[in-house]
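Just so it is clear, the structure is predicted and the values come from calculations on it, not from any experiment.
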Amino acid sequence: MSQPVIPIAPRTRVRAPPLDAGGLARSGGSSSGVWSTFRRVESSRHDGPVSRIEFSPAEPHEAAVTAGSAVALLHARTSTVRRRLSRFKDIARGGSYKGDGRLLVAGGDNGVVQVFDLASRAILRTFSGHEGAVHSSRFSTDGLRVLSGGDDGTVKVWDVPTSRLLTTLSDATDYVRCQSPSPSSPHLWAAGSYDHHLRVYDLRTRGAPIFDIDHGAQVDDVHLLPGGGLAMSVGGPEARVWNLLGGGAVAATLRSHAKAVTCAAVRPDGRVFTGGLDAAVKVHNVATWEVMHTYFYSAQVLSVGASADGGRVGVGLVDGTVVVRHKERAAAATAVKAARAAAGGTRSGRRQKPSSGIAGMESDSDDASAEEDEAPLGDLTGLPNFLGLVNAASATDADARIATGRRRAYLRLQPWDNAMRRFDWRLALDEVLDGGPVSAAVGVLEQLSVLGKLVDALNDRSEAELAPLVALLCRQLSVPEFGALMVEVAHVVLDVYGEKLGAPALDALRTAVSREVHVLGQVEQCLGMCQLVLGRS
């Protein structure tokens, strides 16, 4: 006898709601509280897949979005399109800022590289020479060169002031789709190719790469990390971190994505973001390279960027959507920061973050308030300068009067210090060159360089007025501590005056540079002999 059939109630189908453009966030580590504060989400639509999103290094850190036949500039606060650079004859590729945020370089499918003035949107330079599309173009860290990588398998080095082609790097055997300058040197450069290789060049040699590393898959993105000792290559199912100081050995392999990894971004403080075709962006802890947080989006991720002030994370999707997450800063943290700024910017009572052990990089802290209380990277109060000394002296005098009833002598400022306090950059430079010691002159030049006021201080000078500065450059060029600064100032002098600079000054600079090159050549010969002796022994 057959058993009775018991009807089973049909199961209700549960449908997940569609993912909006802003996506979802999921915690993945002890510091997830920091990254979950990026709650305000702004999105915008563009005419094509977003091949690159990059935030300006200069305040207010606007974002440049390369999509379709234009580069869109997004408003820093609202992330809406503020203006467009649309003077492209074909698809635009790889828009990237100069270090001061005033210029932008971009390539295109027609093989032409263009440099734009963001204030007027005028085309300042046009570089033609590639035989295929140019997907990657970047400024060097000193802003004097542009390097472009094309589908013809070459990386071309262009001189911005003269528009000349300096050299062509043709080691790749397939498309060159990504590049990265070194934050620690304007001469070190990394390029990634579809031939599975990451190559690191020293542009001073104009020869073979100093590192040629096999990534194991096509390289879609590459970065030289802060500190100069690590490089990251992205492509295929993983991202790899390479120890350049250890001969190019693998330092870490990141396999956190379910599909191919397409892009990465490195914040100046060392935070690392990776995006992939699994529609996810991962935030990695640089101390352990573990995933600390994950953001999910509605489409595949082609590009990712992070602002230098730590306040925004931008993502470009394959459907033309750009999603920018803004960090919510607590009112209490803002009040504390304002109080500290009013008190002179002291930070002695703050708990320090744990270090990752990698030069120039920090690990994520599990304290969200510590990240929110962090000073912006553009804040100059942490730099040694005369203002901090004056504030400290004033506080000491006040304490002494309260304790003893006697008035202590105030710190007497030098004339160039007074001029700097009045923002008279030209007078400050004149005063320190007229009668100040070398250390003070170098300090003033460094302050002007940090503040971006070197050009203002050097404008409208006669040859006689430039003579003390040229003499200082010639004398201090050979001092290792001052060499980089002297070269920077010499570049500014030559850019501002060019042919107007008289023959005696040019001859003096040429002699100083030739002498230094000769000394460095002798040092290299001595080093080679030492290596030969040690190798034979």
Side-chain angles (χ1 to χ4, degrees), residues 49-55 63-67 93-97 105-107 133-139 147-151 153 155 172 174-183 188-201 211 213-226 230-242 244 250-257 259-268 270-284 286 289 291 295 297 300-306 313-318 322:
V50 182
S51 61
R52 183 171 181 83
I53 178 171
E54 179 177 315
F55 288 89
V65 175
T66 307
R93 302 287 184 183
S96 180
Y97 284 99
V105 62
V134 178
H135 282 254
S136 174
S137 53
R138 304 288 296 275
F139 279 101
L147 279 83
S148 57
D151 285 356
V155 176
D174 207 334
Y175 300 157
V176 177
R177 291 291 176 90
C178 52
Q179 302 177 84
S180 174
S182 171
L188 294 181
W189 202 269
S193 171
Y194 274 18
D195 62 2
H196 300 186
H197 281 256
L198 158 68
R199 296 175 176 89
V200 181
Y201 294 91
F211 286 99
I213 303 171
D214 187 0
H215 174 76
Q218 67 180 41
V219 182
D220 290 310
D221 202 357
V222 64
H223 292 274
L224 291 175
L225 275 62
L230 296 176
M232 170 180 281
S233 57
V234 170
E238 60 192 21
R240 291 188 175 185
V241 182
W242 308 92
L244 300 182
V250 178
T253 301
L254 312 182
R255 297 189 178 95
S256 55
H257 288 269
K259 295 183 179 180
V261 189
T262 57
C263 56
V266 181
R267 232 165 54 182
R271 296 336 192 253
V272 175
F273 305 79
T274 58
L277 298 182
D278 56 355
V281 169
K282 310 279 185 176
V283 185
H284 298 271
V286 297
W289 297 108
V291 176
Y295 298 109
Y297 295 89
Q300 297 169 330
V301 176
L302 294 184
S303 55
V304 61
V313 176
V315 173
L317 307 182
V318 70
V322 170

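The closest donor-acceptor contact from the side chain of Gln179 to the backbone of Leu147 lies under 3.5 Å.
The side-chain heavy atoms of Val105 and Tyr97, taken from C-beta on, include no pair separated by under 4.5 Å. No side-chain heavy atom of Val219 sits less than 4.5 Å from a side-chain heavy atom of Arg177. In this structure, the side chains of Thr262 and Asp221 stay at 4.5 Å or more apart for every pair of heavy atoms. Annotation: side chain of Asp220 is in contact with side chain of Tyr194 (closest heavy-atom distance under 4.5 Å). Counting only heavy atoms from C-beta outward, the side chains of Leu317 and Val301 approach each other to under 4.5 Å. Side-chain atoms of Leu224 and Leu244, non-hydrogen and from C-beta on, do get closer than 4.5 Å to each other.
For the 3.5 Å distance criterion, the side chains of Asp278 and His257 qualify, holding a donor opposite an acceptor. Side-chain atoms of Arg138 and Ser96 include a donor-acceptor pair closer than 3.5 Å. Using modelled atom types, one finds a donor on one side chain and an acceptor on the other under 3.5 Å when comparing His215 with Ser233. Side chains of Thr274 and His284: a donor on one and an acceptor on the other come within 3.5 Å.
Taking Ser148 as the reference, Val113, His130, Val134, Ser137, Lys156, Trp158 meet the side-chain contact (heavy atoms from CB on, under 4.5 Å) condition, with sequence neighbours excluded.
Nearest heavy atom pair, residue Phe139 against residue Trp189, reads O-CH2, 3.6 Å.
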Between Val234 and Leu198, is the side chain to side chain contact (heavy atoms under 4.5 Å, CB included) condition met? List the steps. CA-CA 10 Å; Val234 170; Leu198 158 68; over 6 Å; no
Open item on the list: Pair Asp151, His135 - check side chain to side chain contact (heavy atoms under 4.5 Å, CB included), show working.
Closed with: CA-CA 8 Å; Asp151 285 356; His135 282 254; 3.5 Å; yes
